[in-house]
Trainee: 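I'd like to ask some things about the structure below.
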Amino acid sequence: MAELEPDRIAIVDRRKNVLKLSQGEFVATSRLEAVFAASPLVRQIFVYGNSERSYLLAVVVPTPDALRETAGDERELKRRLSQSFQALAKEVGLNSYEIPRDFLIETEPFSQANGLLSDHRKLLWPKLVERYGRRLEQLYAETAARETEELADIRRAGADQPVLETVQRAARALLAGSAAEVTPEARFRDLGGDSLSAVQFSDLLRDTFGVRVPVDVLVSPAYDLRHVAGYIETRRGDAPQRPTFASVHGEGAVEVHAKDLALDRFIDARTLDEAPALPRTEGEPRTVLLTGASGYLGRFLALEWLERLAPAGGRLIAVVRGKDAAAARRRLDAAFDSGDPELVRRYEELAADRLEVVAGDMAEPRLGLDEGTWNRLADEVDLIVHAGALVNHVLPYPHLFDANVVGTAELIRLALIRRIKPFTFMSSVAVATADPDRPALDEDSDIRTAMPVRPVDGGYAGGYATSKWAGEVLLREAHDLCGLPVTTFRSNMILAHSTYGGQLNVPDMFSRLLFSVLATGIAPRSFYRGDGARAHYDGLPVDFTAAAVAGLGGGGGTPAGYRTYSLVNPNDDGVSLDTVVDWLAAAGHRIERVDDHADWYARFETAMRALPEQQRQYAALPILHAFKEPEEPVAGSPSPPSGSARPSGPARSTGMRTFRVSHVNSS
């Protein structure tokens, strides 16, 4: 059962019908049998798994029509079953691990006569396991051996075959199983892939073709397998080699150095030589280039800049992923359409004459733009606002290098062509607080000397923080070598908009935690050691953050020099995660406070895993380890307050705050 809230439980299934796969996911087999029994090809089905395997198998009794139509061809029958199961799984929202990867085909129906059905015509699982268990375990062994052999053959000979054919074959072997059909139009996530399996897929393609496909290309909803194959084809053979983690830091490096990130490893010598003598953008920007506009902060930066550019007849150019400009524009429009009609109205009103969306990709040469568009942007753009990034707190630095480091370098190149264009960069407060053995990095220090080396490890969010550190290093280089004006913002947690409803940063830590507390109805007595009375949660509303970035990063005139701001909330106000839970309870949500933190943690995980799949995908499971131990209470922000963009204003009864930029010094 699942505890939905105090004194309220829901029956999930019989204990014997629920099993835990090797990756820790629970599956209710009887529910899956009900789902897949709806296939027109299935007369009866028994779903099987064990805790040493990461996927399921099944025994399928096909319908007479299915047997007749396939004329006894078991391979064709399995192909059709797999296709049917994929469609049903997509319809009801199953995960890839809930879809049987292979089947035993049984022509004799389960019945009372053969002891496989009860008097109520229900499956008798112990009898089914007794009858088919050995064959299913043998099928597991054969499937594993076949997939291992298939992956080895792809690595050995896949490069000699058409690229698209090998990419499809690799996706099928890694994600879908040999019986599944994988089309060129399939997207990696639609096949059940996630960021971790994307790392495996990227490594497989690199071993096969000698080309590393960035993880963000694989998981992007804008790209299918045909695009992945095209990405590989353009980088094979005599194509110019782009910087890679290995070429910059060394293959297998366990630590990376600021000196590795020399600008001439990313940008051609001619551009760097000519840049210091170029004319410079003067006055208020009239044409602003923005990356990351379809992201959470990015959409409100877009709105803020549209508001600021409108009075002077200025223009915002947003670089958004998509197969073409129309598809990219649809992605951006969808980001604003989250249920608040006033937000949609205001966005459409401002965007009608002031917004241009171009389809591009930060990790591509020239941002994936054709030469004509690239040259036009080099001529027209007055300010670059780089808020785009692959935000993933699980992936290591090497797999974030292409999008977050090479992408930043490509935008620096654009800033150094035709005219010197001021550059606004969204970094992370994690850069300043990354080393627990050192005080937080201040805003005046040159990051190249203050933090000359970073480890390459698997620590939580360590890869993301290192990728932002690398971006800051490159921008310091560009400022010193070419005189590029730079404004860097080290942002902490970005919270919901103060005015517009429905706009949440759904995948972030704060949203996942609060959603999970509400969905499970349990919270620890305190998230902090001791009583947490003076603890403080460092977060800012997204509208304050966007206004600060635009106001300090070019909205008030052309910035000069190199400036760094910490976008933090340093008020020692005692508003902590515990306070937020108190507000939720005061608003009428039933939340049980658990005295023992370890007890809460165990119950919290169990309750989240028992949530319906639609809810579980928004839960805190991917970041659960961050809450295993109570935090040390910190009063105010851990980042230096000097030079910061600070919120201020009295607390209101709703628990919300008003914000303004105050006491801002530049470094």
Trainee: Is it possible for you to check whether R321 lies under 6.0 Å from the centre of the six-membered ring of Y223, through NZ or CZ, and within 45° of that ring's axis?
Mentor: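 No, R321 does not sit over the ring of Y223.
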
Trainee: Keeping the roles fixed (side chain from T606, backbone from R603), state whether a donor-acceptor pair exists under 3.5 Å.
Mentor: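 No; judged by distance alone, with no hydrogens or angles, the pair does not exist.
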
Trainee: Evaluate the side-chain proximity of T564 to I447: yes if any heavy-atom separation is below 4.5 Å, no if none is.
Mentor: no

Trainee: Please report the shortest heavy-atom distance between A430 and A465, naming the atom on each side.
Mentor: CB-CB, 3.8 Å

Trainee: Minimum heavy-atom separation for A403 and L390, please, with both atom names.
Mentor: CB-CB, 4.0 Å

Trainee: Decide yes or no on side chain to side chain contact (heavy atoms under 4.5 Å, CB included) for F245 and R212, but give the supporting numbers first.
Mentor: CA-CA 10 Å; F245 172 84; R212 181 182 288 281; 6.0 Å; no

Trainee: Is the backbone N or O of M451 less than 3.5 Å from a side-chain atom of W469, with the two atoms forming a donor-acceptor pair by type?
Mentor: yes

Trainee: Would you say the side chain of V549 lies within less than 4.5 Å of the side chain of F300, judging by non-hydrogen atoms?
Mentor: no

Trainee: Does the R454 side chain pair with the main chain of V256, one donor and one acceptor, at a distance under 3.5 Å?
Mentor: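 Not confirmed, R454 side chain does not pair with V256 backbone.
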
Trainee: So which atom in Q615 and which in A519 form the shortest heavy-atom distance, rounded to 0.1 Å?
Mentor: OE1-CB, 4.2 Å

Trainee: Consider side chain to side chain contact (heavy atoms under 4.5 Å, CB included). Of V357, L306, L350, which one does L316 pass it with?
Mentor: L306

Trainee: Give a yes or no answer on whether the side chain of T579 reaches the backbone of G574 with a donor-acceptor pair at less than 3.5 Å.
Mentor: yes

Trainee: How about L343 and L303: do any of their side-chain heavy atoms sit closer than 4.5 Å?
Mentor: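 L343 vs L303: side chains touch.
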
Trainee: Looking at side-chain heavy atoms only, is the closest gap between L567 and V429 below 4.5 Å?
Mentor: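 Contact flag for L567/V429 side chains = no.
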
Trainee: Can you name the one residue among D333, D337, D340 that meets side chain to side chain donor-acceptor pair (under 3.5 Å) with Y347?
Mentor: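 Going through the options one by one, the only one that passes is D333.
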
Trainee: Are T545 and F489 side-chain neighbours, meaning at least one heavy-atom pair lies under 4.5 Å?
Mentor: no

Trainee: I need the minimum non-hydrogen distance between V517 and F604, along with the two atoms involved.
Mentor: N-CE1, 4.0 Å

Trainee: What do the steps show when you test V575 against Y537 for side chain to side chain contact (heavy atoms under 4.5 Å, CB included), and what is the final call?
Mentor: CA-CA 6 Å; V575 176; Y537 191 78; 5.7 Å; no

Trainee: Between Y618 and S511, is any side-chain donor less than 3.5 angstrom from a side-chain acceptor?
Mentor: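 Distance-only check fails for Y618 and S511.
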
Trainee: If you apply the rule side chain to side chain contact (heavy atoms under 4.5 Å, CB included), what do you find for V213 with F201, and how did you get there?
Mentor: CA-CA 9 Å; V213 182; F201 195 39; over 6 Å; no

Trainee: Show the numbers, then the answer: is there a salt bridge (Lys or Arg N to Asp or Glu O under 4.0 Å) between D582 and R593?
Mentor: CA-CA 10 Å; D582 290 340; R593 307 300 278 263; 2.9 Å; yes

Trainee: If I take atom CG from residue L367 and atom CG from residue L377, how far apart are they, to the nearest 0.5 angstrom?
Mentor: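 Between L367 CG and L377 CG, I get 8.0 Å after rounding to 0.5 Å.
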
Trainee: Side chain of H597, backbone of F627: donor and acceptor closer than 3.5 Å?
Mentor: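 Judged by distance alone, yes, a pair lies under 3.5 Å.
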
Trainee: Considering only NZ, NE, NH1 and NH2 on the basic side and carboxylate oxygens on the acidic side, decide whether E605 and R609 come within less than 4.0 Å.
Mentor: yes

Trainee: Mind checking whether V542 and Q503 have side chains closer than 4.5 Å, heavy atoms only?
Mentor: no

Trainee: Strictly by modelled atom types, are S526 and D578 linked by a side-chain donor-acceptor pair under 3.5 Å?
Mentor: yes

Trainee: What distance separates S516 OG from L624 CG, expressed to the nearest 0.5 Å?
Mentor: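 The CG atom of L624 is 8.5 Å from OG of S516, to the nearest 0.5 Å.
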
Trainee: Do F515 and L504 make a side-chain contact, defined as non-hydrogen atoms from C-beta onward lying under 4.5 Å apart?
Mentor: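 No; the side chains remain at least 4.5 Å from each other.
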
Trainee: Side chain to side chain donor-acceptor pair (under 3.5 Å) with T408: which of E472, K468, H386?
Mentor: H386

Trainee: Which residues pass the side chain to side chain contact (heavy atoms under 4.5 Å, CB included) test with D353, sequence neighbours left out?
Mentor: none

Trainee: Where do G553 and T424 come nearest, in terms of heavy atoms and distance?
Mentor: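 Scanning both residues completely, I find the closest heavy atoms to be O-OG1, 2.8 Å.
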
Trainee: Can I494 and D508 be said to form a side chain to side chain contact (heavy atoms under 4.5 Å, CB included), step by step?
Mentor: CA-CA 9 Å; I494 300 173; D508 78 353; 5.9 Å; no

Trainee: Could you work out, with side chain to side chain contact (heavy atoms under 4.5 Å, CB included) as the rule, every residue matching L514, not counting sequence neighbours?
Mentor: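 Partners of L514 under the side chain to side chain contact (heavy atoms under 4.5 Å, CB included) test: F510, V580, L584.
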
Trainee: Given 3.5 Å as the limit, does a donor-acceptor pair link the side chain of N492 with the main chain of V568, or not?
Mentor: no

Trainee: Does R525 use its side chain to pair, donor to acceptor, with the backbone of V594 at less than 3.5 Å?
Mentor: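 The answer is no, because no donor-acceptor pair under 3.5 Å joins these two groups.
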
Trainee: Would you say V319 and M362 make side-chain contact, with heavy atoms under 4.5 Å?
Mentor: no

Trainee: Between S202 and V199, is there a donor-acceptor pair closer than 3.5 Å when you use the side chain of the first and the backbone of the second?
Mentor: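 No.
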
Trainee: For D538 and N569, work out which heavy atoms get closest and say how close.
Mentor: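 In this case the closest contact between D538 and N569 is OD1-N, 2.7 Å.
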
